[in-house]
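Just so you know, residue 1 is the first one in the sequence shown, and it goes up from there.
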Amino acid sequence: QVQLVESGGGLAQAGGSLRLSCAASGLPFRRYAMGWFRQAPGKGREFVAAISSSGETIYYADSVTGRFTISRDNAKDTVYLQMNSLKPEDTAVYYCASYGGAYFGSTYGRDGAYDSWGQGMQVTVSS
């Protein structure tokens, strides 16, 4: 059984930083691309960042480029999301997910291409 457990969320002030972690178990982590998505109140789930299984290929949503950094440690079966220069509009529940599709380079931003999800972690940014 695949389990993805997020941690590290919470409250931050605008301009501040938070680091999310997602610990994976029940899957050969080093073989899976991983992604982060978020869902703000009253909105649909949106892509944030994705990283290939080796960590060599990374994608970001335009809204977080230059502020967020995704990384992974395959020895610890963990993927991270470092969030800097936070804005109130970054307030959302953040989810990590394991990629289950076939063409990562063209489907990394689609939530339907991910087949296992964490429980979500609230991030609130105050102005």
Side-chain angles (χ1 to χ4, degrees):
Q1 181 181 358
V2 177
Q3 283 195 315
L4 302 175
V5 180
E6 298 103 337
S7 61
L11 179 65
Q13 291 188 332
S17 298
L18 285 173
R19 187 193 197 202
L20 302 183
S21 299
C22 172
S25 61
L27 79 169
F29 181 77
R30 64 182 64 245
R31 293 174 56 187
Y32 278 77
M34 299 293 294
W36 286 96
F37 288 75
R38 67 187 181 186
Q39 187 166 18
K43 296 187 177 180
R45 189 160 55 189
E46 66 170 354
F47 168 74
V48 175
I51 187 167
S52 64
S53 57
S54 66
E56 293 181 351
T57 302
I58 288 174
Y59 300 100
Y60 294 103
D62 290 344
S63 59
V64 306
T65 297
R67 301 187 299 120
F68 290 12
T69 302
I70 188 172
S71 62
R72 65 189 295 157
D73 185 339
N74 285 345
K76 296 183 178 180
D77 292 355
T78 301
V79 62
Y80 305 97
L81 186 68
Q82 177 67 44
M83 305 184 292
N84 298 331
S85 301
L86 283 163
K87 303 176 181 180
E89 51 262 44
D90 294 319
T91 295
V93 176
Y94 283 71
Y95 299 88
C96 70
S98 60
Y99 181 79
Y103 302 102
F104 181 62
S106 57
T107 61
Y108 62 87
R110 301 177 188 175
D111 58 1
Y114 294 77
D115 53 14
S116 294
W117 293 80
Q119 81 284 359
M121 179 63 59
Q122 178 69 47
V123 170
T124 302
V125 183
S126 62
S127 57

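- Remark: Arg30 does not engage Asp77 in a salt bridge, criterion side-chain N to carboxylate O under 4.0 Å.
- A cation-pi contact, defined as under 6.0 Å to the ring centre and within 45° of the axis, links Arg19 to Tyr80.
- Residue Cys22 holds its SG atom at 4.5 Å from CG of Leu4, rounded to the nearest 0.5 Å.
- Using a distance-only test at 3.5 Å, with no hydrogens or angles considered, no donor-acceptor pair links the side chain of Ser63 to the main chain of Ala61.
- The closest side-chain heavy-atom distance from Met34 to Arg72 is below 4.5 Å.
- Counting only heavy atoms from C-beta outward, the side chains of Met121 and Leu20 approach each other to under 4.5 Å.
- Counting heavy atoms from C-beta on, the side chains of Met83 and Trp36 never come closer than 4.5 Å.
- Taking both residues in full, the closest heavy atoms of Ser21 and Thr78 are given as CB-CG2, 4.3 Å, listed atom of the first, atom of the second, then distance.
- Separating the CD atom in Gln1 from the OG atom in Ser25 is a distance of 8.0 Å, to the nearest 0.5 Å.
- Taking 4.5 Å as the limit, every side-chain heavy atom of Ser52 sits out of range of all side-chain heavy atoms of Ile58.
- A heavy-atom distance below 4.5 Å is not found between the side chains of Tyr59 and Ile70.
- For the pair Thr91 (side chain) and Thr124 (backbone), a donor-acceptor distance under 3.5 Å is absent.
- Between Asp90 and Arg38 there is a side-chain heavy-atom pair separated by less than 4.5 Å.
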Open item on the list: Working note: Leu81 + Val48, criterion side chain to side chain contact (heavy atoms under 4.5 Å, CB included); need CA distance, chi angles, decisive distance, verdict.
Closed with: CA-CA 9 Å; Leu81 186 68; Val48 175; 4.1 Å; yes

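- Phe29 and Asn74 get closest at one heavy-atom pair: CE2-OD1, 3.2 Å.
- For the residue pair Asn84 / Ser17, a side-chain donor-acceptor distance below 3.5 Å is found, with atom types taken as modelled.
- Note on Tyr114 and Tyr32: separate hydrophobic clusters, where clusters join Ile, Leu, Val, Met, Phe, Trp and Tyr whose side-chain heavy atoms are under 4.5 Å apart, directly or indirectly.
- Taking both residues in full, the closest heavy atoms of Gly26 and Val2 are given as O-CG2, 3.6 Å, listed atom of the first, atom of the second, then distance.
- Side-chain contact between Leu86 and Leu18 is present, with at least one heavy-atom pair separated by less than 4.5 Å.
- If you look at Tyr99 and Phe104, their ring centroids are closer than 6.0 Å.
- Across all their heavy atoms, Pro88 and Ala14 have their closest contact at CD-CB, 4.2 Å.
- In this structure the side chain of Glu6 reaches within 4.5 angstrom of the side chain of Tyr95, judged on heavy atoms.
- Once rounded to the nearest 0.5 Å, the distance linking OG of Ser85 with CZ of Arg67 reads 7.0 Å.
- Remark: Phe47 engages Phe37, Tyr108 in a ring-ring contact (aromatic ring centres under 6.0 Å, His included) (not counting sequence neighbours).
- Taking OG of Ser98 as the reference point, atom CZ of Arg31 lies at 12.5 Å (rounded to 0.5 Å).
- By the neighbour-count criterion of 12 heavy atoms within 6.0 Å, atom CD of Gln119 is densely surrounded, having more than that number from other residues, nucleotides or ligands.
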